[in-house]
Protein chains: 2
Amino acid sequence: MSGIRALQKEKTRRQLIDAALGQLSSERSFSSLSLREVAKEAGLAPTSFYRHFSDMDELGLTLVDEAGLTLRQLMRQARQRIEKGGSVIQISVHTFMEFIENNGNIFRLLLRERSGTSPAFRAAVNREIRYFTLELCDYLQQANKLDAEVAYLQANAAVTIVFSAGSDALDCDRKDLEELALRTIKQLRFIARGAFEFGLRGDVRKRSRGETK
Amino acid sequence: MSGIRALQKEKTRRQLIDAALGQLSSERSFSSLSLREVAKEAGLAPTSFYRHFSDMDELGLTLVDEAGLTLRQLMRQARQRIEKGGSVIQISVHTFMEFIENNGNIFRLLLRERSGTSPAFRAAVNREIRYFTLELCDYLQQANKLDAEVAYLQANAAVTIVFSAGSDALDCDRKDLEELALRTIKQLRFIARGAFEFGLRGDVRKRSRGETK
DNA sequence: AATTTCGGTGTACACATGTACGCTATTTTA
DNA sequence: TAAAATAGCGTACATGTGTACACCGAAATT
């Protein structure tokens with residue numbers, strides 16, 4: 001089992017994946033791609049598609065997985081930058097904006113399929129976003145010593161705001177991008193501040209109810 | 001021009017609109033509908049479609065307009081309830097959740113076309129959401145006497161959070177809905193609180209810079 | 001009353017789609 | 001080395017699509 005065959009197979013599988021990614025654009029969603037188009041772009045006969053995926057859906061789910069992977073790489077980048085010092089919020093937002101400039105179509109894929117017509121796709125995207133949120137939640141809990149529930153609510157809200165800003169960024173002139181980032185940062189500060197205040201109050205309430213026993 | 005003819009025309013136009021709305025579901029987006037399907041559902045020959053819309057796109061934009069209208073009715077409902085007393089945030093969230101339970105497919109339409117493949121659709125949806133946001137912004141500015149920028153940022157963030165919660169609600173069991181609403185309310189309180197704090201600080205800064213001249 | 005307008009129909013066509021089927025050439029296995 | 005497996009190809013077909021065109025009958029206009 002040297003694999004000269006399996007190797008070639010893996011290669012054309014990638015060609016299919018890349019072909020699909022390459023066809024995505026602001027005016028072309030994954031669900032508007034046809035099996036034939038993708039196969040042609042990959043330099044394959046339509047029927048050869050089936051040697052690699054049973055379905056366009058199966059290809060699509062693969063793409064979502066790749067997108068999730070890219071997202072997680074992104075987070076690692078952000079953490080590296082943070083370790084070198086700087087505002088967490090500011091760095092996170094800028095990292096995300098760079099991601100969108102470089103991977104607009106991948107982000108579009110996530111945005112679109114999250115509200116798309118396939119339950120499987122929706123679940124896959126939501127899973128990726130949940131990972132993303134939970135990692136942020138952990139960070140907040142540790143770094144800011146927040147109540148678990150408050151930390152989760154803050155993480156969830158922050159991710160929502162950032163994704164929405166990313167969505168806006170996709171239809172933005174580059175010159176407006178900086179301003180959008182600034183607004184987003186301020187909104188995240190609102191949330192952080194509010195979470196902090198309520199986190200304290202939450203503690204107080206619990207203690208006054210004797211829940212620390 | 002009595003209009004017995006124009007009347008009938010308006011009627012079948014409505015049939016087309018309703019037919020399209022009727023076909024929408026969690027597994028069927030507007031862009032996946034075909035002209036023929038819609039015409040058939042409306043009891044029309046395919047070619048008759050053109051007597052009313054030049055395009056499926058034109059129908060779609062009409063649907064988005066209707067959705068926006070429904071959204072604004074919703075806001076009036078919310079205001080009525082608020083005048084009778086109660087927490088603004090709580091009532092707004094519950095009103096929105098009711099909207100989604102009753103008009104899931106209309107909300108899906110907005111969600112999907114906002115990130116869809118047609119620039120015209122995206123613009124139309126964003127316009128509706130902007131109206132929605134600006135009215136909330138006005139309210140916040142008046143009721144809470146906030147700085148204009150802070151009020152806008154808060155309104156924008158709040159709408160984002162609520163829409164996102166609405167999106168989650170679409171894939172929710174009814175039993176989890178209440179909990180989702182509670183979480184959303186808390187998140188909105190974070191934002192309101194944060195905006196309030198920063199609103200104060202913002203004032204202070206501006207004054208110390210002599211910007212009140 | 002004669003003419004025009006127009007909402008609706010049915011036919012027809014070119015085109016794109018998914019996929020079943022059989023074939024070939026090459027790698028893998030026995 | 002013989003046999004089996006398999007990636008890829010080409011053909012073929014049924015189905016759904018948008019829409020051009022000619023036509024009809026009733027309402028509107030003159």
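In what follows, chains are A, B, ... by sequence order, proteins preceding strands, each numbered from 1.
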Along nucleotides 17-23 of chain D, 5' to 3', which nucleotides get a B, which get an S, and which get a -, given that the test is a protein heavy-atom distance under 4.0 Å? BBBBB--

Rounded to the nearest angstrom, tell me the gap between atom [atom1] in [X] and atom [atom2] in [N].
{"X": "I4(B)", "N": "dG7(C)", "atom1": "CD1", "atom2": "P", "result": "14 Å"}
{"X": "K40(A)", "N": "dT19(C)", "atom1": "NZ", "atom2": "P", "result": "18 Å"}
{"X": "L7(B)", "N": "dG7(C)", "atom1": "CG", "atom2": "P", "result": "13 Å"}
{"X": "Q8(A)", "N": "dA5(D)", "atom1": "CD", "atom2": "C1'", "result": "16 Å"}
{"X": "R13(A)", "N": "dT6(D)", "atom1": "CZ", "atom2": "C1'", "result": "17 Å"}
{"X": "L16(B)", "N": "dG8(C)", "atom1": "CG", "atom2": "C1'", "result": "12 Å"}
{"X": "F49(A)", "N": "dA20(C)", "atom1": "CZ", "atom2": "P", "result": "13 Å"}
{"X": "K9(B)", "N": "dA27(D)", "atom1": "NZ", "atom2": "C1'", "result": "13 Å"}

Tell me if a side-chain donor or acceptor on [X] pairs with a main-chain N or O of [Y] at a distance below 3.5 Å.
{"X": "D147(B)", "Y": "G199(B)", "result": "no"}
{"X": "R112(A)", "Y": "G116(B)", "result": "yes"}
{"X": "N156(B)", "Y": "Y152(B)", "result": "no"}

Is any side-chain N of the basic residue among R79(B) and E83(B) closer than 4.0 Å to the acidic one's carboxylate O? no

Does a side-chain N or O of T12(A) approach OP1 or OP2 of dA7(D) to a distance below 4.0 Å, or not? no

Answer yes or no: does a side-chain N or O of S48(B) lie under 4.0 Å from OP1 or OP2 of dT9(C)? yes

Contact between F196(B) and N144(B) at the side-chain level, heavy atoms closer than 4.5 Å - yes or no? no

Could you check whether the rings of F132(A) and F163(A) sit parallel, tilted or perpendicular, using 30° and 60° as the cut-offs? perpendicular

Please work out which of the three classes, parallel, tilted or perpendicular, describes the rings of F107(B) and F99(B), given edges at 30° and 60°. perpendicular

From dT26(C), dA28(D), dG8(D), nucleotide with atom closest to R5(B) side chain: dA28(D)

